[in-house]
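The structure appears below as structure tokens.
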Amino acid sequence: METLLHIGNKSFAPSRYLSRQRTVITIGRHTEAVHNVIALDTSDIDPFQCQLTYADGQWTIRSGQWRTECPKGLRSSRQHACSFCPGCCVNPVPAHPHYSWRQPLLPTLVNGQPLPDHGLPLRNGDVIMAGRVEIRVAIPPFTSQ
């Protein structure tokens, strides 16, 4: 049972991006500083818009993302304290990165409702508004053979 995300005229199967090292699928705007798994080339979505997590056969969506960047939005290319906010970056030691939760500037809604902090399981037919980008969820029915 493959979950598909339809964004405009493109379809994505989030499970194809999962691996032993990657258990979270991030969705957001493509930028040089932020690397999302599903990166969209539009200003209608925030770079830190939302993330999908797969557990126990169910996808869950949360607004925002765990990131190693500075909580003020500044990024150090060497991933340690930058000159813009000395001592405030979350990666003062590159070998031991720290993470902070980044909320998007534009909200993430599912079927017109804001997401709870703990996220929401995705269901067939859900319509996600990630910023101003519409994402449709399609989960084909299970068929036994």
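Numbering starts at 1 and runs along the sequence shown.
Remark: S63 engages T108 in a side-chain hydrogen bond (donor to acceptor under 3.5 Å, both in side chains) (not counting sequence neighbours). Taking the side-chain hydrogen bond (donor to acceptor under 3.5 Å, both in side chains) definition, one finds that T31 meets it with nothing, sequence neighbours left out. Scored by the side-chain contact (heavy atoms from CB on, under 4.5 Å) test, P14 finds L5, I25, L52, W59 as partners (sequence neighbours excluded). With sequence neighbours left out, H6 forms a side-chain hydrogen bond (donor to acceptor under 3.5 Å, both in side chains) with S11. Among residues two or more places apart in sequence or in another chain, the side-chain contact (heavy atoms from CB on, under 4.5 Å) test is passed with T23 by none.
If you chain together hydrophobic residues whose side chains sit under 4.5 Å apart, Y54 and I61 fall into the same group. Y17 and I27 fall within the same hydrophobic cluster, defined by Ile, Leu, Val, Met, Phe, Trp and Tyr side-chain heavy atoms under 4.5 Å apart, directly or through other members. When hydrophobic clusters are built by joining Ile, Leu, Val, Met, Phe, Trp and Tyr residues whose side-chain heavy atoms come closer than 4.5 Å, directly or via intermediates, L122 is grouped together with I7.
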CA sep, side-chain torsions, deciding dist, call: H30, H35, side-chain contact (heavy atoms from CB on, under 4.5 Å) | CA-CA 7 Å; H30 170 76; H35 301 285; 5.6 Å; no
Go through Q103 and F48 one step at a time and tell me if the side-chain contact (heavy atoms from CB on, under 4.5 Å) criterion holds.
-> CA-CA 7 Å; Q103 286 289 353; F48 308 102; over 6 Å; no
Go through the steps to decide whether C50 and R62 satisfy the test side-chain contact (heavy atoms from CB on, under 4.5 Å), and finish with yes or no.
-> CA-CA 6 Å; C50 58; R62 285 184 72 188; over 6 Å; no
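Without hydrogens or angle criteria, N124 side chain to I139 main chain gives a donor-acceptor distance under 3.5 Å. Of the possible donor and acceptor atoms, one in the side chain of Q49 sits under 3.5 Å from a partner among the backbone N and O of L106.
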Show which side-chain atoms of residues 36-44 pair as donor or acceptor with protein atoms under 3.5 Å away, not counting sequence neighbours.
unit_1	atom_1	unit_2	atom_2	d
N36	OD1	T26	OG1	3.2
N36	OD1	Q65	NE2	3.0
N36	OD1	R67	NH2	2.9
N36	ND2	R29	O	3.3
N36	ND2	P47	O	2.9
T42	OG1	D44	N	3.1

Name each donor-acceptor pair under 3.5 Å that joins a side chain in residues 126-137 to protein atoms two or more places apart or in another chain, with its distance.
unit_1	atom_1	unit_2	atom_2	d
D126	OD1	N111	ND2	2.9
D126	OD2	R123	N	2.8
E134	OE2	R136	NE	3.1
E134	OE2	R136	NH2	3.3

